[in-house]
Structures are given as C-alpha cells and as structure tokens.
> 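This structure is in structure tokens; I'll ask about it shortly.
Here, residue 1 is the first one in the sequence, and each next residue gets the next number. This structure is a prediction, so every number in the text was calculated from the model and none was measured.
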Amino acid sequence: MADLGADRIHATKTRAGRDAYPIANGVTLYVGALVALEGGYLNHYADGANDVFVGIVTGPGIGISPGAALTGNTSGTPVPQARVDSSGVTLVGVPMAGSPDATKVGDLVYCADSDTDNMTLTIGSLNHPIGFMSRFGSATDVDVTLFTPTEMLSQATA
C-alpha cells in the first residue's frame with residue numbers, strides 16, 4: 001500500500017449535535033426521553049450492556065408526521081426516525097435521587113431507564129453514567145450535563 005498521493009475531500013460531520021435515528025420496531029418514544037442505540041436502532045435507555053447512550057429525544061424525524069406518535073416500524077418506507085440531541089446538552093432544574101448536595105457537583109449521574117425523573121447519583125447496580133451533576137439548587141432543582149455518545153463510551157465502567 002502507498003501513502004495518499006492526491007487530495008481526497010471526505011464528507012464529515014461533528015461527533016455530536018442533533019441527529020435522527022431509526023426507531024426500533026414497535027417501540028414508542030416520547031420527546032424528553034433518554035435514548036440509546038441498541039442493535040442499530042433507537043430505543044429507551046436502559047443502562048444495558050448493549051446500550052450506547054446517544055442523548056435526549058427532541059421530536060419526530062423522517063417518516064413521522066408532526067404530532068404523531070414516535071413509533072418504530074422497521075419494515076416501513078422510510079423507517080420512522082426520531083430526532084435526538086446528542087450534543088451533551090444540560091438539563092436545567094431536574095430532580096435528582098441519591099442525596100444530591102453542593103459537594104456532589106461534578107459527580108457522575110446514572111439512570112436505569114428513559115425517564116429523566118429517575119436520574120440518580122447512586123451507582124447501585126447501574127454501570128453506565130450518562131452525564132454529571134453540573135449545578136445544585138435542591139434535590140428537585142439540579143442541572144445535569146448529559147454526555148455525548150463519545151463521552152459516555154469513554155466513561156463506561158462495565
């Protein structure tokens with residue numbers, strides 16, 4: 001093999017931002033849900049070994065009309081997609097379990113499912129952090145900065 005001997009311009013995009021992903025067959029997602037890629041399709045985040053956390057659902061993508069349910073149909077043409085913010089957005093003023101206080105700003109945040117109300121600082125049986133606590137006001141007023149997919153993968157503990 002030889003080194004590249006002429007210009008080659010590749011199409012590129014950022015590693016995180018706003019993307020649309022095909023929804024797993026029969027799965028219904030909601031705006032504001034934490035989501036993961038599982039077997040190439042978007043699904044509810046579940047802290048599973050095969051889940052790659054990608055971010056939070058922001059709305060319908062290709063194949064879904066505005067106002068319609070975000071439900072996957074892998075035999076559809078096109079396969080329905082949901083838009084996802086994977087930029088590492090900060091969720092402002094959300095509740096947090098795991099005894100949050102000002103000394104825990106910067107601690108990793110975990111969640112067992114797709115509901116942001118279930119985020120916690122307690123690891124327990126959870127393996128994959130989805131972000132960190134970036135501000136403390138009270139147990140019901142915490143800011144959480146979500147990880148980009150790349151950051152999540154670099155933090156994986158199991």
> Could you check if a side-chain atom of Ile23 sits within less than 4.5 angstrom of a side-chain atom of Thr74, using non-hydrogen atoms only?
no

> Could you label the plane-to-plane angle of the Phe53 and Tyr45 rings as parallel, tilted or perpendicular, counting under 30° as parallel and over 60° as perpendicular?
perpendicular

> Tell me, do Pro129 and Met152 make a side-chain contact under 4.5 Å, heavy atoms counted?
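A side-chain contact is absent here, since even the closest heavy-atom pair is not under 4.5 Å.
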
> Side chains of Asp113 and His44: does their closest heavy-atom pair fall under 4.5 Å?
no

> Give a yes or no on whether Val57 and Val79 share a hydrophobic cluster (residues Ile, Leu, Val, Met, Phe, Trp, Tyr; joining criterion: side-chain heavy atoms under 4.5 Å apart).
no

> At their closest point, which heavy atom of Pro78 faces which heavy atom of Gly63, and how far apart are they?
CG-CA, 4.0 Å

> Taking side-chain contact (heavy atoms from CB on, under 4.5 Å) as the criterion, tell me which of Val35, Asp19, Leu70, Val27 meets it with Leu42.
Val35

> Give me the atom names and distance for the closest heavy-atom approach of Gly40 to Pro22.
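Distance-wise, the nearest heavy atoms are O-CG, 3.9 Å.
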
> What's the spacing between Met96 CE and Met119 CE if we round to 0.5 Å?
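Atom-to-atom, Met96:CE and Met119:CE are 4.5 Å apart.
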
> Give me the atom names and distance for the closest heavy-atom approach of Arg8 to Leu4.
NH2-CD1, 3.1 Å

> Same hydrophobic cluster for Val144 and Val92, using side-chain heavy-atom links shorter than 4.5 Å among ILVMFWY?
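Unlinked, Val144 and Val92 end up in two clusters.
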
> Are any non-hydrogen side-chain atoms of Asp117 and Val94 less than 4.5 angstrom apart?
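Answer no - side chains too far apart.
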
> Is Thr148 reaching over with its side chain to a backbone N or O of Glu151, donor-acceptor style, under 3.5 angstrom?
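Yes.
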
> Start with the C-alpha distance between Cys111 and Asn118, add both sets of side-chain angles, then the distance that settles side-chain contact (heavy atoms from CB on, under 4.5 Å), and finish with yes or no.
CA-CA 6 Å; Cys111 199; Asn118 296 329; 4.0 Å; yes

> CG/Leu91 to CD1/Ile56 distance, rounded to the nearest 0.5 angstrom?
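These two atoms lie 4.5 Å from each other.
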
> Quick one, Val84 and Thr58 - any side-chain contact, counting heavy atoms below 4.5 Å?
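Heavy-atom side-chain distance check fails, nothing below 4.5 Å.
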
> Got Ser99 and Lys104 here, is their nearest side-chain heavy-atom distance under 4.5 Å?
yes

> When rounded to the nearest 0.5 angstrom, what is the spacing between CG in Leu146 and OG1 in Thr116?
9.0 Å

> Are Ile62 and Val31 connected, step by step, through hydrophobic side chains (Ile, Leu, Val, Met, Phe, Trp, Tyr) whose heavy atoms are closer than 4.5 Å?
no

> Shared ILVMFWY cluster between Tyr30 and Val89, side chains joined below 4.5 angstrom?
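Looking at the clustering, Val89 is in a separate group from Tyr30.
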
> Distance check, rounded to the nearest 0.5 Å: Asp51 atom CG versus Asn43 atom CG?
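Answer rounded to 0.5 Å: 7.5 Å.
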
> To the nearest 0.5 Å, what is the distance between CG (Asp143) and CG (Asp141)?
7.0 Å

> Using the side chain to side chain donor-acceptor pair (under 3.5 Å) rule, take Thr71 and Thr28 through it: C-alpha gap first, then chi angles, then the decisive distance, then the call.
CA-CA 4 Å; Thr71 302; Thr28 298; 2.9 Å; yes

> So, the side chain of Arg83 versus the backbone of Gly61: is there a donor-acceptor pair under 3.5 Å, distance only?
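No, because the side chain of Arg83 does not come within donor-acceptor range (under 3.5 Å) of the backbone of Gly61.
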
> I'd like to know if Tyr21 and Tyr41 are part of one continuous hydrophobic network [Ile/Leu/Val/Met/Phe/Trp/Tyr, side-chain heavy atoms within less than 4.5 Å].
no

> Would you name the heavy atoms of Gly88 and Thr145 that are closest together and state the gap between them?
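Here Gly88 and Thr145 meet closest at O-CG2, 3.6 Å.
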
> If you round to the nearest 0.5 Å, how far is OH of Tyr110 from OG1 of Thr122?
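Result: 10.0 Å between the selected atoms.
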
> Locate the shortest heavy-atom distance separating Asn127 from Asp47; write the atom from each residue and the value.
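Shortest heavy-atom separation between Asn127 and Asp47 comes out as N-OD2, 2.8 Å.
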
> Apply side chain to side chain donor-acceptor pair (under 3.5 Å) to residues Thr90 and Ser134 and explain how you reach the verdict.
CA-CA 8 Å; Thr90 297; Ser134 51; 4.6 Å; no

> Taking all heavy atoms of Pro100 and all of Met133, pick out the closest pair and write down the distance.
CB-SD, 3.9 Å

